[in-house]
Amino acid sequence: NLHDEEEEEEEEDAESFVSGCSDCPSMGPSGGTLTGRKGGEDQSLRSNSEIVLEASLLSWELCFPEGYIAQEYLVTSKLAEISSNLPGKVDSKDCSDMLNYLFKPANDEDGRSIFVRLLKARNGTVHFLHFWRAFADVTRMLGSATGGVLDSEPSKDTRGELLPQEVELARDTILRSLDEDDPTSPYLEQRLQMGKLIELVRSTASMSLAPDFWGAILETLGQGSADATLDWDELTAMIVAWLRDSASFASAPVGASFSAPCSEPEPERTESSSSRPSTSSRSAPRASVEQGLPVWVHIYDVSHEDNVHKLNKVLAHQRNPFKFGGVFHAGVEVNGLEWSFGMSCMESVPGISCSLPKEHSEHRYRQSVRLKDTRLSPEDVAALITDLIEEYPGDDYDLLRRNCCHFADDFVRRLGSGRLPGW
């Protein structure tokens, strides 16, 4: 029951957008330190860049956006509320004067405020990527004048502050390229070529204090075609998640190894017999034991709701080497069939079900993760599934303590294929 009521959705969407799926602990912790205000976490545990991102998302929701795009007139009608959300705002004359300077109409020929100019609206619309940058810029200006959040000395290690700032630098570099390429094109029509994106990220990586972090991102980006293109929404989801990633990387011990996991989407299957194990392979357990049977985890956005897909796209974007949870369904493919666990209120209907790989009817397929091959024979796999069916009755399903991800993790461990990805 995710955001069933429209009123609740307007109030909670910005917080759930950045906090991960706190109602689904089986997915693992969100990984980053950025959380919604409801959690009451200590803000000192977060980088300044994360604090600003959260505040910008909360302000963005005030503008009645349609996804990542809002009408310029709606944004400008909410300038007072947006200015009140700036982190580091204090009750002083200096702060008040600076807010007036940043948000009040200018006494010049243009007439627009500093903040509105920074939005770089196109054809009467504003994209969240421009909004986020403008919000960060005015927060930084306010901090410089009043000693606010972005002007204070960080209480954590330098890497914990500078790496998120590098992500913001990469965001600005990407935005500059898009604006220079075509500053008037509608957002929905402009795309950035993957090869160009890699080139822009490399420019940030060349000056980075954490080259391993950017190396992992470049490795993941390089797995696709250089001619592929990304739209504004895809770029935004990617950059937001990079900021989340940077918090996890910065909190790890110095010298820890970070590399992109094997989580690229599986190539499209065909319906030909060659795409699935043949009958002869099923009846040859000795060969299977020696060579191993492939094991895949197929990951879905829960249900077919667009809101769930958007949440997962930010928290666990496919092109990100590090991911931070979301609202997922998982199934395990072995020996050509996919097995998953769900609720059943009828004793005659088991909790474990079988389907063709990547084709669960109730959820939206997202991506696949290849695990280690199992050394079990097809007969041993069948025996294991029989045991699991007995151990996972449908009426034993619990959303928080015994769900599809618990089952999938248990299944792959018994196959000897490792564990589910932490996210």
Side-chain angles (χ1 to χ4, degrees), residues 31-32 49 68 129 159 162-181 190-250 252 255-269 294-299 309 312-326 358 365-373 418 420-423:
S49 297
Y68 290 104
L129 206 53
R159 187 172 66 160
L162 293 184
L163 186 53
Q165 291 178 20
E166 290 181 9
V167 174
E168 290 194 277
L169 175 62
R171 175 203 64 200
D172 297 347
T173 302
I174 293 168
L175 270 175
R176 190 178 305 111
S177 176
L178 290 166
D179 289 337
E180 290 176 353
D181 178 59
Q190 189 179 25
R191 303 181 69 88
L192 183 66
Q193 194 172 46
M194 180 63 70
K196 180 64 174 179
L197 174 61
I198 291 174
E199 176 186 328
L200 296 172
V201 172
R202 279 178 179 157
S203 69
T204 300
S206 65
M207 302 177 288
S208 175
L209 295 177
D212 288 350
F213 172 80
W214 293 106
I217 289 177
L218 285 168
E219 179 183 348
T220 306
L221 294 176
Q223 293 173 359
S225 169
D227 294 328
T229 59
L230 299 173
D231 62 27
W232 276 75
D233 290 2
E234 291 170 326
L235 289 167
T236 304
M238 192 179 300
I239 297 168
V240 169
W242 285 352
L243 188 65
R244 299 288 307 273
D245 300 343
S246 68
S248 177
F249 185 94
S257 175
F258 283 76
S259 59
C262 178
S263 61
E264 70 253 45
E266 181 187 359
E268 285 294 317
R269 295 175 177 270
V295 177
W296 290 88
V297 175
H298 298 307
I299 300 162
H309 178 63
N312 290 345
K313 189 175 181 181
V314 171
L315 297 180
H317 197 279
Q318 291 183 12
R319 295 189 183 278
N320 274 1
F322 317 111
K323 307 178 195 293
F324 296 95
K358 306 195 299 182
Y365 173 73
R366 177 180 182 78
Q367 70 181 103
S368 299
V369 178
R370 177 72 180 267
L371 301 180
K372 293 188 296 185
D373 292 352
L420 252 61
W423 50 274

For Tyr365 and Gln367 the tightest heavy-atom approach is OH-C, 3.3 Å
Separation between CZ (Arg202) and OG (Ser208), nearest 0.5 Å, reads 15.0 Å
d(Ile174 CD1, Leu200 CG) to nearest 0.5 Å is 6.0 Å
CZ (Arg176) and CG (Leu169) are apart, to the nearest 0.5 Å, by 7.5 Å
Nearest heavy-atom approach of Lys372 to Gly418 is CE-N, 4.0 Å
Contacts of Gln165 meeting side-chain hydrogen bond (donor to acceptor under 3.5 Å, both in side chains) (sequence neighbours excluded), chain-then-number -> none
*asked:* What I'd like to find out is whether the side chain of Ile217 reaches to under 4.5 Å of the side chain of Met238, using heavy atoms alone.
replied: no
Between Phe213 and Trp242, the two heavy atoms sitting closest are CZ-O, 3.7 Å
dist Gln190:CD -> Asp179:CG (nearest 0.5 Å) comes out at 7.5 Å
Between the CG atom in Leu371 and the CG atom in Leu420, the distance rounded to the nearest 0.5 Å is 7.0 Å
(request) Verify, without hydrogens or angle tests, whether Ser177 (side chain) and Thr173 (backbone) share a donor-acceptor contact under 3.5 angstrom. (result) no
#### Entry: Pairwise side-chain contact, Asp181 with Leu192, heavy-atom cut-off 4.5 Å (strictly under)
no
To the nearest 0.5 Å, atom CG of Leu175 lies from atom CD1 of Ile239 at 6.5 Å
Closest non-hydrogen atoms of Asp231 and Glu234, given as atom of the first, atom of the second and distance, are OD1-N, 2.7 Å
With sequence neighbours left out, the residues meeting salt bridge (Lys or Arg N to Asp or Glu O under 4.0 Å) with Asp373 are Arg370
Is any side-chain heavy atom of Val201 closer than 4.5 Å to a side-chain heavy atom of Trp214?
yes
Applying side-chain hydrogen bond (donor to acceptor under 3.5 Å, both in side chains) to Thr229 and not counting sequence neighbours gives Arg191
Short N-O contact, Glu168 and Arg171, less than 4.0 angstrom
yes
